[in-house]
Amino acid sequence: EVQLVESGGGLVQAGGSLILSCAASGFDVDMYDLAWFRQAPGKEREGVACLKARYGVELYAEAVKGRLTISRDTVKKTVFLQMNALKLEETAVYFCAVGAACVVRENVVTASVDLWGKGTPVTVAS
């Protein structure tokens, strides 16, 4: 079965760190662009990071540059999102996605998504 399953979300204090994981099954993670999106309460889903299949280029939304890092383990078929210096406004459900053509447009990551995970909630508290 082709699917993505996120984990690692939870409660973290502002300024703290969290690592999200996304386990892929049914396909090889190095064949597609891999991305993380988030959706805060009452807001639209926005792309925050992408790891392009070609050359492993990393793309980030302007708001998270220098604080979030996307990576992958091709053997374990897992995608990671290391999040540092988290802010209150980054409370959201974080989604893993697989697709193509990810780019940064108007300071956020966009992509043609073929498969979404169900998301993992992150709450940043003061």
Side-chain angles (χ1 to χ4, degrees):
E1 181 181 4
V2 176
Q3 64 176 358
L4 298 169
V5 179
E6 301 95 334
S7 61
L11 177 65
V12 61
Q13 283 193 321
S17 298
L18 207 58
I19 301 176
L20 305 183
S21 300
C22 173
S25 57
F27 64 96
D28 293 326
V29 298
D30 57 345
M31 298 296 291
Y32 303 91
D33 290 357
L34 308 167
W36 285 94
F37 288 72
R38 66 187 179 193
Q39 188 164 17
K43 295 190 175 182
E44 293 187 355
R45 193 173 299 189
E46 65 172 6
V48 295
C50 173
L51 182 60
K52 295 187 70 67
R54 179 170 288 188
Y55 308 125
V57 173
E58 298 171 29
L59 301 175
Y60 296 96
E62 192 64 30
V64 306
K65 272 185 179 177
R67 298 187 298 112
L68 272 59
T69 303
I70 187 171
S71 62
R72 67 187 174 197
D73 184 324
T74 56
V75 174
K76 295 183 179 180
K77 294 187 176 182
T78 303
V79 186
F80 302 98
L81 185 67
Q82 170 74 51
M83 304 190 293
N84 299 324
L86 282 163
K87 304 176 181 180
L88 294 176
E89 58 266 33
E90 294 182 306
T91 292
V93 178
Y94 284 72
F95 299 88
C96 178
V98 170
C102 69
V103 296
V104 175
R105 183 171 292 122
E106 296 183 358
N107 295 322
V108 295
V109 169
T110 65
S112 175
V113 176
D114 296 318
L115 180 66
W116 291 97
K118 292 184 177 180
T120 184
V122 172
T123 300
V124 184
S126 59

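These figures come from a predicted structure and were not determined experimentally.
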With the 4.5 Å side-chain cut-off for hydrophobic clustering, are M31 and V2 part of the same group?
yes
So which atom in A61 and which in G47 form the shortest heavy-atom distance, rounded to 0.1 Å?
CB-O, 3.6 Å
For residues 102-126, pull every pair meeting ring-ring contact (aromatic ring centres under 6.0 Å, His included), keeping only residues two or more places apart or in separate chains.
F37-W116
Would V108 and M83 show up in the same hydrophobic cluster when neighbours are defined by side-chain heavy atoms closer than 4.5 Å?
no
When hydrophobic residues are tied together by side-chain contacts of less than 4.5 Å, even through go-betweens, does L59 share a cluster with L68?
no
Could you note down all residue pairs passing salt bridge (charged side-chain N to carboxylate O under 4.0 Å, His left out) where residues 74-84 supplies at least one of them, sequence neighbours left out?
D28-K77
Residues that A92 engages under side-chain contact (heavy atoms from CB on, under 4.5 Å), provided they are two or more places apart
R38, A40, Y94
Can you establish whether the number of heavy atoms outside Q13 located under 6.0 Å from its atom CD is more than 12?
no
Residues 60-71 vs salt bridge (charged side-chain N to carboxylate O under 4.0 Å, His left out), sequence neighbours excluded, gives E62-K65, R67-E90
Would E58 and T69 count as a side chain to side chain contact (heavy atoms under 4.5 Å, CB included) here? Give the steps.
CA-CA 8 Å; E58 298 171 29; T69 303; 4.3 Å; yes
Other than V5, what residues sit in its cluster of Ile, Leu, Val, Met, Phe, Trp and Tyr side chains whose heavy atoms are under 4.5 Å apart, directly or through others?
none
Mark yes or no for whether D33, through its side chain, and A53, through its backbone, hold a donor-acceptor pair below 3.5 Å.
yes
The reported gap from CG in L4 to CG in L115 (rounded to nearest 0.5 angstrom) is 4.0 Å
Qualifying ring-ring contact (aromatic ring centres under 6.0 Å, His included) pairs with a residue from residues 2-35, counting only residues at least two apart or across chains
F27-Y32
Pairs where residues 40-89 contributes a residue and the test disulfide bond (SG atoms under 2.5 Å apart) is met, not counting sequence neighbours
C50-C102
Which residues satisfy the ring-ring contact (aromatic ring centres under 6.0 Å, His included) test with Y60, sequence neighbours excluded?
none
Quick one: list whatever passes side-chain contact (heavy atoms from CB on, under 4.5 Å) with V103, sequence neighbours left out.
R105, T110
Using the test side-chain contact (heavy atoms from CB on, under 4.5 Å), find all partners of T74 that sit at least two apart in sequence or belong to another chain.
V29, D30, R72
L51 reachable from V48 in the ILVMFWY side-chain graph, under 4.5 Å edges
yes
Distance-only check: which donor-acceptor pairs under 3.5 Å involve side-chain atoms of residues 118-126, not counting sequence neighbours?
from: T120; atom 1: OG1; to: G9; atom 2: N; distance (Å): 3.1

A side-chain contact here means heavy atoms from C-beta on lying under 4.5 Å apart; do L34 and V98 qualify?
yes
Can you find a heavy atom in the side chain of W36 that is under 4.5 Å from one in the side chain of V79?
yes
Can you give each donor-acceptor pair under 3.5 Å made by side-chain atoms of residues 16-25, sequence neighbours left out, with the distance rounded to 0.1 Å?
from: S17; atom 1: OG; to: N84; atom 2: OD1; distance (Å): 2.9
from: S25; atom 1: OG; to: E1; atom 2: O; distance (Å): 3.1

